[in-house]
Each structure stands twice: as C-alpha cells, then as structure tokens.
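All heavy atoms count here, side chains included; hydrogens, waters and symmetry mates do not. In this chain, residues are counted from 1 in sequence order.
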Amino acid sequence: MDKALTSLDWSLVQTFLAVSESGSLSEAARQLGVSQPTVGRQVQKIEETLGVTLFHRQARGFALTSCGASLVPHARAMAEAVQAFAIAAAGHDHTLSGTVRITASVFTAHHHLPPIIARIRAAEPDIQIDLVPSDTSENLLYREADIAVRMYRTEQLDIVTKHLGALDIGLYAAKTYLDRRGWPTAFPDIFQHDLVGYDRSDLILRGLREGGVEAQRDWFATRTDHHGTYWELVRAGCGIGFAQTSVAENDPLVERLLPDMPLPTLPLWLAAHDSIRRTPRVRRVWDLLEEGLTPFVS
C-alpha cells in the first residue's frame with residue numbers, strides 16, 4: 001500500500017467530511033475553527049495525496065464527485081472511531097479539575113444557568129465551564145458537549161439521562177400591553193388580542209391544535225424562533241405569549257393571564273455520555289446542575 005495513504009493525516013479526513021456535509025468552505029471552516037483558506041488548502045492536499053478528485057467546484061459551493069461520495073461512509077466511520085477513542089480515554093481521567101462543556105437551550109442558558117454555574121465555580125474553582133447556548137441538539141457522542149440540559153429525552157445509545165421534572169408554562173403579557181388592550185377573561189378572548197408566536201417552528205401551533213384550536217400562523221402578529229428574543233417581545237408589550245413560570249413570575253413587567261387554564265409542561269432532562277459522566281469533574285458538575293435546576297421544576 002502507498003506509504004502516503006497509510007500515513008494520511010486525520011485532520012485532512014476531518015476537513016473532507018466537514019466540506020462534504022456542509023457543501024461550503026466557509027461553513028466547514030466555522031465548524032472546524034480554522035480559516036477558509038486553510039480548509040481550501042487541506043481539500044487540495046487530500047485530493048493530491050489520494051490522487052482523486054473529491055469535489056466539483058461550483059458557484060454555490062462544493063459538490064461531491066462520485067468518488068468523494070463513496071468515501072463519505074468511511075470518513076464517518078473514522079470520525080466515530082476517533083470520538084470513541086477520545087471518550088474512552090476521558091473516562092479514565094480521575095482528576096477533579098479541567099473543563100466541563102455544558103449545552104442548554106438559549107433560554108435556559110440565559111435565565112437559569114448563570115447563577116448555578118457561579119455556584120459550581122465557587123464550590124469547585126479547579127473546574128472550568130464552557131457554556132454553549134444552543135437550540136439545536138449538541139451531539140454528546142462527538143464530544144460537542146459533556147453534559148446537555150434538554151427538554152426531551154435523548155434516544156442515543158450510550159447516553160445516560162436523568163429526568164429532573166417538568167417546567168410549568170403560563171400565559172403572560174406586559175402590563176403596558178394590558179393597560180392598552182385590556183385583560184382577557186376567558187381563553188377564547190386571547191384570540192382577539194395581539195399574540196406573540198414562532199416563525200418557522202410550529203410548536204405553538206401544534207400545541208393549540210392538539211387542544212382543539214385550529215390555530216394559524218397569521219394569528220400571531222409578532223413572530224420569532226429565538227426563545228430569548230421571544231420573551232423580550234412579550235415583555236416589551238408586543239402581545240400575549242407563553243413563558244416558563246419560574247422566570248416570568250419574577251418579572252415585574254408582566255402579568256400572568258388565566259392562571260387556572262391547563263397548559264402543557266416542558267420536561268427537563270440531564271444527559272451525558274456514560275463514559276464521560278464517570279469522570280469525577282463531569283459527575284461533580286452533573287450533581288451540582290441537578291441540585292441547582294431542581295427548584296425550577298415540579
């Protein structure tokens with residue numbers, strides 16, 4: 001076998017995989033944390049090393065050739081093997097120091113986690129925390145995060161989860177809005193008001209339809225999919241919206257509407273790769289997260 005092939009640099013394969021999945025040098029560079037020219041040079045180098053053309057260069061990005069497409073499953077298998085290697089090694093780290101990477105939704109990361117992380121840092125000053133606010137699912141199998149705080153139970157193999165409870169949801173509006181438009185006294189009344197909803201997400205629409213209300217997107221006069229911005233729109237007086245009661249009840253700018261109206265709750269889960277959770281620093285942060293989040297759930 002060609003010596004160049006047997007010593008193929010993993011970073012080149014990683015770059016090939018990132019470009020093949022994104023179709024873009026710039027997006028691959030963002031994912032890998034390097035510059036776009038570096039990605040371009042690495043693509044050229046792996047093609048020269050293998051002696052094949054992996055991509056068609058197009059005006060809108062990079063498209064796989066038939067040869068490139070045939071190599072993607074092998075590149076993914078290599079990525080999984082490298083991650084399994086790293087996870088197995090991390091599982092043997094017995095020190096109560098180092099970095100723990102936590103991912104959570106933007107809303108949870110903003111409203112719930114900062115004081116909890118402050119307590120973690122005070123209790124364990126040798127543990128550093130990376131917080132990743134994201135409304136997309138960080139992949140625990142690829143070490144994109146060590147611990148995830150999620151609103152659903154992950155079904156991935158080798159991921160250990162713990163259900164902490166449920167976050168209560170309420171209906172809220174800014175006092176300035178209510179002074180201007182009046183209070184709804186029954187659930188049907190809210191549809192005569194301005195509503196704050198989601199843009200591309202159909203989560204609110206599905207929830208209302210499951211409750212027997214054939215809601216439509218244009219019923220919501222203001223829309224955004226960013227949960228933190230959504231809450232700021234409600235607080236600013238754009239209309240009636242939904243929020244976690246543990247956050248909204250402490251906000252002097254809003255009032256809760258129809259508190260006796262039953263609404264779905266949000267389940268709250270912790271998740272981590274089984275091997276990673278066994279490391280002392282991750283287990284310690286897991287326990288402190290559980291302790292800090294439990295008062296917010298019912």
*Asks:* Are any non-hydrogen side-chain atoms of Val196 and Ile240 less than 4.5 angstrom apart?
*Replies:* no
*Asks:* Starting from the C-alpha separation in whole Å, work towards a yes-or-no answer on side-chain contact (heavy atoms from CB on, under 4.5 Å) for Arg217 and Asp199.
*Replies:* CA-CA 8 Å; Arg217 182 177 182 274; Asp199 178 18; 2.6 Å; yes
*Asks:* Do the ring centers of Tyr198 and His226 come within less than 6.0 Å of each other?
*Replies:*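 Centroid separation for Tyr198 and His226: 6.0 Å or greater.
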*Asks:* Would you say that His163 contacts Pro267 through its side chain, given a criterion of any heavy-atom pair below 4.5 Å between the two side chains?
*Replies:*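 The answer is yes, as the side chains (C-beta and beyond) meet within the 4.5 Å cut-off.
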*Asks:* In sequence, state the C-alpha distance, the side-chain angles, and the governing distance for Glu124 and Arg119, and then conclude on salt bridge (Lys or Arg N to Asp or Glu O under 4.0 Å).
*Replies:* CA-CA 8 Å; Glu124 300 294 345; Arg119 290 196 291 272; over 6 Å; no
*Asks:* Measuring only between side-chain heavy atoms, which start at C-beta, is Phe16 closer than 4.5 Å to Glu47?
*Replies:* no
*Asks:* Can we say Glu27 and Arg30 salt-bridge, meaning some charged N sits less than 4.0 Å from an Asp/Glu carboxylate O?
*Replies:* yes
*Asks:* Cut-off 3.5 Å, side chains only: do Ser24 and Ser22 have a donor facing an acceptor?
*Replies:* no
*Asks:* Distance-only, no hydrogens or angles: does the Arg180 side chain make a donor-acceptor pair with backbone N or O of Gly237 under 3.5 Å?
*Replies:*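 The answer is yes, because a donor-acceptor pair under 3.5 Å joins these two groups.
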*Asks:* Please test Arg281 against Ser97 for side-chain contact (heavy atoms from CB on, under 4.5 Å), starting from the C-alpha separation and ending with a verdict.
*Replies:* CA-CA 6 Å; Arg281 69 177 182 276; Ser97 63; over 6 Å; no
*Asks:* Kindly work out whether a path of hydrophobic side-chain contacts (I/L/V/M/F/W/Y, heavy atoms less than 4.5 Å apart) joins Leu289 to Trp269.
*Replies:*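 Cluster IDs for Leu289 and Trp269 differ.
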*Asks:* If we ignore angles and hydrogens, is there a donor and acceptor under 3.5 Å between the side chains of Gln244 and His111?
*Replies:* no
*Asks:* Using ring centroids (six-membered ring only for Trp), state whether Tyr172 and Phe242 fall under 6.0 Å.
*Replies:* no
*Asks:* Testing the basics here: between Arg209 and Gln216, what is the closest heavy-atom pair and its distance to 0.1 Å?
*Replies:*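 Scanning both residues completely, I find the closest heavy atoms to be NH2-OE1, 3.8 Å.
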*Asks:* Is the closest side-chain heavy-atom distance between Trp219 and Asp194 below 4.5 Å?
*Replies:* no
*Asks:* Would you check, one step at a time, whether the test salt bridge (Lys or Arg N to Asp or Glu O under 4.0 Å) holds for Glu48 with Lys45?
*Replies:* CA-CA 5 Å; Glu48 291 173 350; Lys45 185 173 181 180; over 6 Å; no
*Asks:* Whether the Gln128 and Thr99 side chains hold a donor-acceptor pair (N or O, under 3.5 Å, no angle test) is what I'd like checked.
*Replies:*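 Thr99 and Gln128 do have a side-chain donor-acceptor pair below 3.5 Å.
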*Asks:* Compare all side-chain heavy atoms of Val106 with those of Ser134 and state whether any distance is below 4.5 angstrom.
*Replies:*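 Counting from C-beta outward, Val106 and Ser134 never come under 4.5 Å.
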*Asks:* Using side-chain heavy atoms (C-beta onward) and a distance below 4.5 Å, is Ser105 in contact with Met151?
*Replies:* yes
*Asks:* Answer yes or no: is there a donor N or O on one side and an acceptor on the other, between the side chain of Ser298 and the main chain of Ala166, under 3.5 Å?
*Replies:* yes
*Asks:* Checking Asp179 against Lys175 for the salt bridge (Lys or Arg N to Asp or Glu O under 4.0 Å) test, could you report, in this order, the C-alpha distance in whole Å, the side-chain angles of both residues, the deciding distance, and whether it holds?
*Replies:* CA-CA 6 Å; Asp179 289 342; Lys175 293 175 181 177; over 6 Å; no
*Asks:* Set out, in order, the CA-CA distance, both residues' side-chain angles and the distance that settles side-chain contact (heavy atoms from CB on, under 4.5 Å) for Asp274 and Ile159, then state yes or no.
*Replies:* CA-CA 6 Å; Asp274 186 39; Ile159 299 298; over 6 Å; no
*Asks:* With a 4.5 Å heavy-atom cut-off, do Phe62 and Ser20 have their side chains touching?
*Replies:* no
*Asks:* Are the side chains of Phe296 and His112 in contact, using a 4.5 Å heavy-atom criterion?
*Replies:* yes
